[in-house]
Number of protein chains: 2
Amino acid sequence: MEPDEYLADCRTRLAFDLMANTWNPVVIWALRSGPRRPVELRELIGGVSGKVLAETLRRLESNGLVTRHAYAEAPPRVEYALTRLGRTLLGPIEAFGRWAHAHGDEVLAAQDEHERRAARQAG
Amino acid sequence: MEPDEYLADCRTRLAFDLMANTWNPVVIWALRSGPRRPVELRELIGGVSGKVLAETLRRLESNGLVTRHAYAEAPPRVEYALTRLGRTLLGPIEAFGRWAHAHGDEVLAAQDEHERRAARQAG
DNA sequence: CAGGATCCGACACGATACTG
DNA sequence: CAGTATCGTGTCGGATCCTG
């Protein structure tokens with residue numbers, strides 16, 4: 001891997017862009033164990049509105065990470081699933097999960113420290 | 001790792017939030033081989049304005065990932081370096097870099113396909 | 001050189017209401 | 001239930017100018 005492959009205007013940025021929003025990685029992870037309906041995803045994830053979830057799923061679909069399958073039923077039933085390409089992202093995503101598990105406390109401590117320092121200067 | 005550890009309101013989200021902007025991961029990666037001055041970072045990275053780079057560095061500093069060291073010289077000289085905590089992020093970041101190296105073409109192809117499909121419907 | 005101040009556009013996200 | 005339309009808000013990122 002060449003040094004500059006992580007910098008601006010490089011294809012490596014593609015992966016970062018895919019992770020550069022709140023819900024993409026969360027939804028991908030929620031789909032890791034099989035197809036899910038939107039209502040299931042909302043319960044699994046929690047704290048995401050239907051509109052934002054729909055936007056996220058369309059975004060993932062347009063990047064080839066997720067497929068949409070609609071059943072001809074009433075009431076309507078739709079399922080989303082990871083593509084083969086989407087599944088290849090589970091490994092890297094899990095790496096960040098493990099990182100947060102191991103180092104999350106340190107980040108929170110640093111944030112607190114920074115806030116205390118700012119408050120001391122202000123007061 | 002429990003299933004819901006990647007979902008909303010969980011500490012795992014911390015790591016995703018750190019990656020959820022354009023320049024954080026790029027700057028961390030650019031600092032991987034040692035301390036750098038802002039002007040060096042701008043050359044290394046390319047395509048980032050001084051203001052945005054400064055914002056990114058302050059953001060990373062407030063999260064304990066980067067330290068700032070100012071030398072008492074004229075003209076002013078400042079160096080930024082990864083903390084020990086910041087260095088622990090290099091592994092997960094590299095995982096995404098490798099992913100992009102291996103699968104970037106597939107994402108681009110899926111995007112093109114999606115655009116062509118949209119154009120066909122519009123026309 | 002470092003980096004703050006300002007103005008600005010784009011977009012993600014949220015809440016709500018509505019259609020099939 | 002699935003999905004869209006609308007509106008409001010916050011923030012990131014870019015461009016420019018200015019200071020020490």
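All heavy atoms count here, side chains included; hydrogens, waters and symmetry mates do not. Every chain is numbered from 1 and lettered A, B, ... according to where its sequence line falls, protein lines coming before strand lines.
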Exercise. Could you check whether A:Pro38 gets within reach of a base, just the sugar-phosphate, or nothing at all, counting any heavy atom under 4.0 Å?
Key: sugar-phosphate
Exercise. Mark yes or no: A:Arg36 above the aromatic ring of A:Trp29, with NZ or CZ under 6.0 Å from the six-membered ring centre and no more than 45 degrees from the axis.
Key: no
Quiz item: Base, sugar-phosphate, or nothing for A:Arg37, non-hydrogen atoms under 4.0 angstrom?
Solution: sugar-phosphate
Exercise. Indicate whether OP1 or OP2 belonging to C:dG14 is found under 4.0 Å from a side-chain N or O atom of A:Trp23.
Key: yes
Practice problem: Can you tell me the distance, in whole Å, between the CG atom of B:Leu53 and the P atom of D:dT16? | Solution: 18 Å
Quiz item: Starting at the 5' end of DNA chain D, which residue's closest nucleotide do you reach first, A:Gly50 or B:Ser49?
Solution: A:Gly50
Quiz item: Does the pair A:Arg84/B:Glu106 count as a salt bridge with the N-to-O cut at 4.0 Å?
Solution: yes
Quiz prompt | Residue mapping more 5' on DNA chain D - nearest nucleotide basis, A:Tyr80 or B:Thr22 | solution = A:Tyr80
Quiz item: Going by atom types alone, do A:Arg59 and A:Thr56 pair a side-chain donor with an acceptor below 3.5 Å?
Solution: yes
Quiz item: Quick one: A:Glu79 CD to D:dC1 P, roughly how many Å, whole number?
Solution: 15 Å
Practice problem: Could you check how far CZ of B:Arg59 sits from P of D:dG10, rounded to whole Å? | Solution: 18 Å
Quiz prompt | For atom CZ of A:Arg42 and atom P of D:dC1, their distance in whole Å | solution = 9 Å
Exercise. Take the protein atom CZ of A:Arg68 and the nucleotide atom C1' of D:dA2, then report the distance between them rounded to whole Å.
Key: 8 Å
Quiz item: Closest to the A:Asn21 side chain: C:dA12, C:dC7, D:dT4?
Solution: C:dA12
Exercise. Just compare D:dG14, D:dA5, C:dG3 and give me whichever is closest to any side-chain atom of A:Lys51.
Key: D:dA5
Quiz item: Between B:Glu55 (CD) and C:dA5 (P), how many Å, whole number?
Solution: 11 Å
Practice problem: Look at all strands and tell whether A:Arg58 reaches a base, only sugar-phosphate, or nothing, counting heavy atoms closer than 4.0 Å. | Solution: sugar-phosphate
Quiz item: Separation of A:Leu60 atom CG from C:dA12 atom P, in whole Å?
Solution: 12 Å
Quiz item: So, B:His114 versus B:Gln111: side-chain donor-acceptor pair below 3.5 Å or not?
Solution: no
Quiz item: CD1 of B:Ile45 versus P of D:dG13: gap in Å, rounded?
Solution: 12 Å
Practice problem: Scan side-chain atoms only and decide if A:Glu61 and A:Tyr80 contain a donor-acceptor pair under the 3.5 Å cut-off. | Solution: no
